[in-house]
Amino acid sequence: MNRTSNFMPTPDQDVLEVKPLRTLAPMFPAPLGVNVVNQSKTPLVFVAPAGQFPGVFGASNHPEVRSFATFGGQDQDVSGGKTAAAVGDPGAGGGQTPTFGDQETSRGKFAANGTPNIDVNATGTGPIDATPISAYKSTQPSIISLDDDDDDDDENDDEPYAGNQTSASGQNIKRPSHLSGYNMNDNLGSDNSNFMKIKRPKSSYRKAAADNELSLTPPSSNPREIVEVILMTFEALRRRHLQLDETQETSKRADLKVGAIMMASNLRANIGKRIGTVPGVEIGDIFYFRMELCIIGLHAPSMGGIDYMNAKFGDEDDSVAICIIAAGVYENNDDDTDTLVYSGSGGISKNNEDRHDQKLERGNLALERSLSRKNVIRVVRGYKDPACLTGRVYIYDGLYKIQESWKEKTKTGIDCFKYKLQREPGQPDGVAVWKISQRWIENPSARGSVLHSDLSCGAENLPVCLINDVNSEKGPYHFTYITQVKYFKPLSSMKPFQGCRCLSVCIPGDTSCVCAQHNGGDLPYSSSGLLVCRKLMVYECGESCQCSFNCRNRVTQKGVMIHFEVFRTTNRGWGLRSWDPIRAGSFICEYVGKVVDDNKVNLDGEDDYLFQTVCPGEKTLKWNYGPELIGEQITNISADTFEPLPIKISAKKMGNISRFMNHSCAPNVFWQPVQFDHGDDGYPHIMFFALKHIPPMTELTYDYGDIGAKSSGVGSNRAKNCLCGFSNCRGYFS
DNA sequence: GCACTTTCAACTCA
DNA sequence: CTGAGTTGAAAGTG
């Protein structure tokens, strides 16, 4: 396999040469496209916690069957649910009608190649990206170290790209020579006081134990995976920072702090500016912080709306725009998904005195130059987060070109530059998917191809649509929709759950909260309900707790909060996806079904809907990584130490939406044991959480597990061939 | 290289 | 619940 191919322009492309304005040094060292991965490094080193789940046999429950929905089986011999998330060859799907299924497919599946499925080069005469290398800190382990020899690592050839990154003006990007600045134990005359702005209590920046040192080597040369690792690390650190900040009265803005850490540690992708697509970033990708755009190389300014750079056009240099954020700060109409009128920057001010006409400089000038140079410009659109009143979501909407520009007076009477951008043809839908799914949320009847408006018949908080826009099949085989797990013994006979005595709600940092103690001292969810870390077990507050139902430590027990649809896939039965964007760490749903007696499980024959706690692949196991960057122990579970739970749940005859989630070796969902209504840790609730940010209409998949790994051994003959086709596909699943 | 400026953030709190 | 006020990081600019 040609490991460099993802980064190289094809030789015969009409390549635009991009070079720094003020240096003569080439932007990237030869040879072009040298890969950024050092294979010799161990990927991530995890230190797994000791211990395992106590395997006590539990009792049962009086599960409440809140609804009874049945569906006639069709004559077609295709089951829903547990089938491999087969990935179609992009070219093999000929004849498919363009549907949202296709849209979804193009997002998830083509991701394996990390190659955007549009040919920017073919879309006209405009210049193209000629900075093909997705730079990544690969050769130096990112560790927190007290070891400060004050040497000048800028001359260290271990960082092949260090001296070659440039800013838009061609200046070398200043980088830290070491990470010791984060150690609050000593200052050591660090050469960059920027580090000291990152405030963390001394204790949390202590040196990581030697056996915890890791190198955050990307999992592969696939730029998509690199970007995902960067974003997952950012989010994991941000959630943890938030958690720490709550208990200590430190300042907030975990996004900025973590962004700075990752910048300083060079844990970022696509360093160096470029015109056109960014490797590993796909149209429709969603983000929740500007810093995320920053660290993956999509949009460099941390606040500014216009990203621009000097590029060479023939023999001439020109400063052109490369990416804009349209977040509705200035006046703009946002009805059309293919055109965008963007306002130049400057002029507006909070107090009216400072208001002035916009000037044709910086970003505005770059946009003007892009109009004449006709280069493509990335567009990111920002919207209010429907799930969070104060939050924002950013959606990457692909490449646009400026068609015209003009100057007009705003309502407040200042001159404002306007730029009309037109979306390049042939790109998959980005914001259009967002807009239409938002419309369905407001008005579900606008959704076409509906077979059933609510599979749950009112049992869930929100209706679950059944959709088939692929073929004539009328629905999955008969099953009963239930919303709670059915244990084989009554709940009252199980070990009781020890609750807390917090009044009103549990407060972070309250050392007397029994529930926090169960969870290792911290509340497991952030204030917005995101799971902070993956754990062996999460203990929510339950009925035996004194706190109210509004307590933050009650998330999964409140049930489904997402607008789901069960939809017909093209080649793997029925699948599950969402109309809502889902943020990493969000609760999705519970694996509901009938808990089966371990002694009988093999007598029941084949059960495609049997959930077992089989060890998942490393993408799932690595969800938390990054704690070592703030000097904490790594608490991840590894495949070697993973211990399955005795619980087995069958959703064959009764279940909920989770029975439709397909398998993938590159999943976007993971399972997490959660307890709140009994104390038998061998039989917890199996709750699903988002592994990463999931755009609307993306199929939800989790890793069914690797039966080849150390696991229960039960059902090892049940292996199915996996067709998911991702670069690291194991080839089978349980 | 340093100080300063600019900026379609992201909070908090009244 | 909204808007004003506050604290910001990165990178351009001189």
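Letters A, B, ... are given to chains in the order of the sequence lines, protein chains preceding strands, and every chain is numbered from 1.
Whole-Å rounding puts the A:L340 CG to B:dC8 C1' distance at 11 Å. The CE-P distance, from A:M262 to C:dA10, rounds to 12 Å in whole Å. The distance from atom CG of A:D397 to atom C1' of B:dC8 is 16 Å, rounded to the nearest whole Å. Regarding A:E292, its CD atom lies at a distance of 15 Å from the C1' atom of C:dA9, rounded to whole Å. The NZ atom of A:K257 sits 11 Å away from the C1' atom of C:dT7 (whole-angstrom rounding). Taking atom CD1 on A:I306 and atom P on C:dA11, their separation rounds to 16 Å, with Å as the unit. For A:H356 and B:dT7, the NE2 to P distance is 7 Å, given to the nearest whole Å. Look at CG on A:L298: it is 17 Å from P on B:dC8, rounded to the nearest Å.
The shortest side-chain heavy-atom distance between A:V320 and A:F313 falls under the 4.5 Å cut-off. Using a 4.5 Å cut-off on side-chain heavy atoms (C-beta onward), A:R238 and A:F289 make contact. Side-chain contact between A:V393 and A:W434: present, with at least one pair of heavy atoms (C-beta onward) separated by less than 4.5 Å. Between A:P386 and A:P581 there is a side-chain heavy-atom pair separated by less than 4.5 Å.
In this structure, the aromatic ring of A:Y394 is not positioned over the six-membered ring of the base of B:dC8 within 5.5 Å between centres and 30° between planes.
Contact annotation for A:I325: base contact, defined as any heavy-atom pair under 4.0 Å involving a base atom. In this structure, A:G346 reaches the sugar-phosphate backbone alone: every heavy-atom distance under 4.0 Å involves primed, P, OP1 or OP2 atoms, never a base. Within 4.0 Å (heavy atoms only), A:G304 reaches at least one base atom of the nucleic acid.
When base pairs are accepted only as Watson-Crick or G-U wobble with both N-N or N-O distances under 3.5 Å, DNA chain C takes part in stems of 3 or more pairs at B:2-7 with C:9-14, B:9-14 with C:2-7.
For B:dA9, the base has no donor-acceptor partner in the side chain of A:R290 [N/O atoms by modelled type, under 3.5 angstrom].
In the set C:dA11, C:dA10, C:dG8, C:dG8 carries the atom at the smallest distance from any side-chain atom of A:L256. Side-chain proximity of A:A327 to the nucleotides B:dC11, C:dA11, B:dA9 is greatest for B:dA9. Which of B:dA9, C:dC1, C:dA11 sits closest to the side chain of A:L389 comes down to C:dC1. Set against C:dA11, B:dC8, C:dA9, the side chain of A:Y342 has B:dC8 as its closest nucleotide. Distances from the side chain of A:M303 to the nucleotides B:dC8, C:dA11, C:dG8 place C:dG8 closest.
Within the structure, a side-chain polar atom (N or O) of A:S345 is placed less than 4.0 Å from OP1 or OP2 of B:dT7. Put simply, A:K384 has no side-chain N or O that comes within less than 4.0 Å of OP1 or OP2 on C:dC1. Under 4.0 angstrom from either OP1 or OP2 of C:dA11 there lies no side-chain N or O belonging to A:Y308.
Applying the ring-ring contact (aromatic ring centres under 6.0 Å, His included) definition to pairs two or more places apart or across chains, none involves residues 402-424 of chain A.
For the pair A:M291 and A:G363, nearest-nucleotide mapping onto DNA chain C gives the more 5' position to A:M291. Between A:R392 and A:R362, the residue anchored nearer the 5' end of DNA chain B, judged by the nucleotide with its closest heavy atom, is A:R362. If you find the closest nucleotide of DNA chain C to A:E361 and to A:C294, the one lying nearer the 5' end belongs to A:C294.
Side-chain contact of A:Q358 with A:S345: a donor-acceptor pair under 3.5 Å is absent, judged by distance alone. Under the 3.5 Å distance criterion, with hydrogens and angles disregarded, no donor-acceptor pair is assigned to the side chains of A:T339 and A:K420. Residues A:H299 and A:D307 bring no donor and acceptor atom of their side chains to less than 3.5 Å of each other.
For A:K384, the NZ atom counts as loosely surrounded, since its 6.0 Å shell holds 12 or fewer non-hydrogen atoms of other residues, nucleotides or ligands.
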